[in-house]
Amino acid sequence: MNVINDITRIQVGTYAQILKGGGVVAFPTETVYGLGASAVNPAAVLRIFELKGRPADNPLIVHVSTYAMLVEFAAEIPAKSRILMQKFWPGPLTLVFEKRKEVLDMITGGLSSVAIRMPDHEMALALLDASGPLVAPSANVSGRPSPTKAEHVHDDFGNSVPVLDGGDCIVGLESTVLDVRSEPFRILRPGSITAQMIKDKTGLVVVEADIMPSEDMQPLSPGMKYTHYAPDTPIRWMTSEEMSGNIDEAVLYLILNSSGLTKEMKNVIDFKDDMNRLGKELYDWFRRSDKTAYNEVAIQPLDVSEKNDLAKALNNRISKAIKK
Ligand code: TXA
Ligand code: MG
């Protein structure tokens, strides 16, 4: 997909040197742009928290391009998790393992586990091959929508962070986070890889963390407790009934299926039932709503049934972007 030309290859080499020297570089993945720093350099990891304004108890995902890198961080790799890696790596599935004691506490927010993924993007893999394992949270200032284009990273960090430009991210929503430390494996953050897809490809039945009885108060995925992904423009759900005949120029409408509700306009985006396109473009529309100074973003509620699609991940991100 992302064929690397000579110029990109040179840039990857230069950026890998910056990373090895303890610097920070943003790079594309199939999900969103990541803000990368060496996963074995405490000063570099600290810089990530400072740049993003990220709470110290929100752990980072370690990105790898080889299994050799994985075993530097994971203390135990359960047999069934290997099947998942075979089927879904490289890809938008982050696995949470028991961590090796050498893993920096700063990365894991003091937890005994570590989250690891192998991104499905030629540039990211080439960079990782050259730099070694990288921590890479989404390359946005904390609380802002994740970046799906190089310009989004630039909007948040200006010239303080060099960006490897890989064009638009294909998925547009952050990876599925799956805890594989005990069975049944648990989805801590929904993403484009669904429980149904995992079952179809591997036969493994995984559960969603929020349907588990909360017998303890341990935070499952600390990041999920923070407001996220939000533009300054207020976001709200708006049913088809509310929308029909009430289109307001100052509102940006994101509609999965307009089914004759209204025609497409500058401020009325009809995704024509293409959930993947909504996933790919959601954060860009969030960011554009601020730039265009809309009063509000109105989104048609999604059908979150057991279907093998992005509805759950989208519903999760949109709900979290709605300010209470
Ligand atoms: O798609 C992605 O995962 C992107 C790209 C850049 O790879 N990265 C990303 O990172 O979304 P970030 O830092 O924005 O989100 C990481 C999520 C947070 O919700 C965090 O709490 C969770 O992963 N996480 C990290 N380590 C964890 C751990 N040991 N246990 C549970 N959750 C963990
Ligand atoms: Mg993030």
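Just so you know, ligand 1 is whichever comes first in the structure, and atom 1 is the first atom listed for that ligand.
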Which distance, rounded to the nearest 0.5 Å, do you find between the [atom1] of [X] and the [atom2] of [Y]?
X    : Y    : atom1 : atom2 : result
I170 : D168 : CD1   : CG    : 9.0 Å
R288 : D284 : CZ    : CG    : 4.5 Å
E281 : I269 : CD    : CD1   : 8.0 Å
I235 : S319 : CD1   : OG    : 10.5 Å

> In chain order, what residues pass the salt bridge (Lys or Arg N to Asp or Glu O under 4.0 Å) check against K80, with sequence neighbours excluded?
Replying inline: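 Applying salt bridge (Lys or Arg N to Asp or Glu O under 4.0 Å) to K80 gives E183.
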Below 4.0 angstrom from a heavy atom of [X], which ligand 1 atoms are there? Numbered from 1 as shown, please.
X    : value
V32  : 4 (C), 5 (C), 6 (C)
L188 : 31 (C)
S175 : 1 (O), 2 (C), 3 (O)
A136 : 6 (C), 8 (N), 10 (O)
G34  : 6 (C)
S138 : 8 (N), 9 (C), 10 (O), 12 (P), 14 (O)
A115 : 25 (C), 26 (N), 27 (C), 29 (N)

Shortest reach to [atom] by a heavy atom, considering only [options]:
atom                    : options                : answer
atom 15 (O) of ligand 1 : H121, R181, R189       : R189
atom 33 (C) of ligand 1 : G109, C169, P59        : P59
atom 20 (C) of ligand 1 : V96, L178, N58         : N58
atom 12 (P) of ligand 1 : S113, P137, A124, G172 : P137

> At under 4.0 Å between heavy atoms, which part of K99 makes contact with ligand 1: side chain, backbone, both or neither?
Replying inline: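 No part of K99 is near ligand 1 at this cut-off.
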>> Is the contact between E30 and ligand 1 made by the side chain, the backbone, both, or neither, using heavy atoms and a 4.0 Å cut-off?
In response: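 The answer is neither.
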With distance as the sole test, does [X] use its side chain to make a donor-acceptor pair with the main-chain N or O of [Y] at under 3.5 Å?
X    : Y    : value
S138 : N140 : no
E208 : I187 : no
R189 : S175 : yes

>> Test salt bridge (Lys or Arg N to Asp or Glu O under 4.0 Å) on R144 and D155; report intermediate values, then the result.
In response: CA-CA 11 Å; R144 298 261 300 143; D155 288 344; 5.7 Å; no
Quick check: [X] and ligand 1, any N/O pair under 3.5 Å apart?
X    : result
K52  : no
E174 : no
T31  : yes

> With a cut-off of 2.8 Å, does S138 place any N/O/S atom under that distance from the Mg ion (ligand 2)?
Replying inline: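 Of the N, O and S atoms in S138, at least one lies under 2.8 Å from the Mg ion (ligand 2), which means yes.
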> Between Y67 and W89, how do the two ring planes meet: parallel, tilted or perpendicular, split at 30° and 60°?
Replying inline: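 Correct class here is parallel.
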> Can you tell me if T108 has a non-hydrogen atom under 4.0 Å from ligand 1?
Replying inline: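 Per 4.0 Å heavy-atom rule, T108 does not contact ligand 1.
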> Applying the side-chain hydrogen bond (donor to acceptor under 3.5 Å, both in side chains) test to R287, which of T233, T292, D156 qualifies?
Replying inline: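 The residue from T233, T292, D156 that satisfies side-chain hydrogen bond (donor to acceptor under 3.5 Å, both in side chains) with R287 turns out to be D156.
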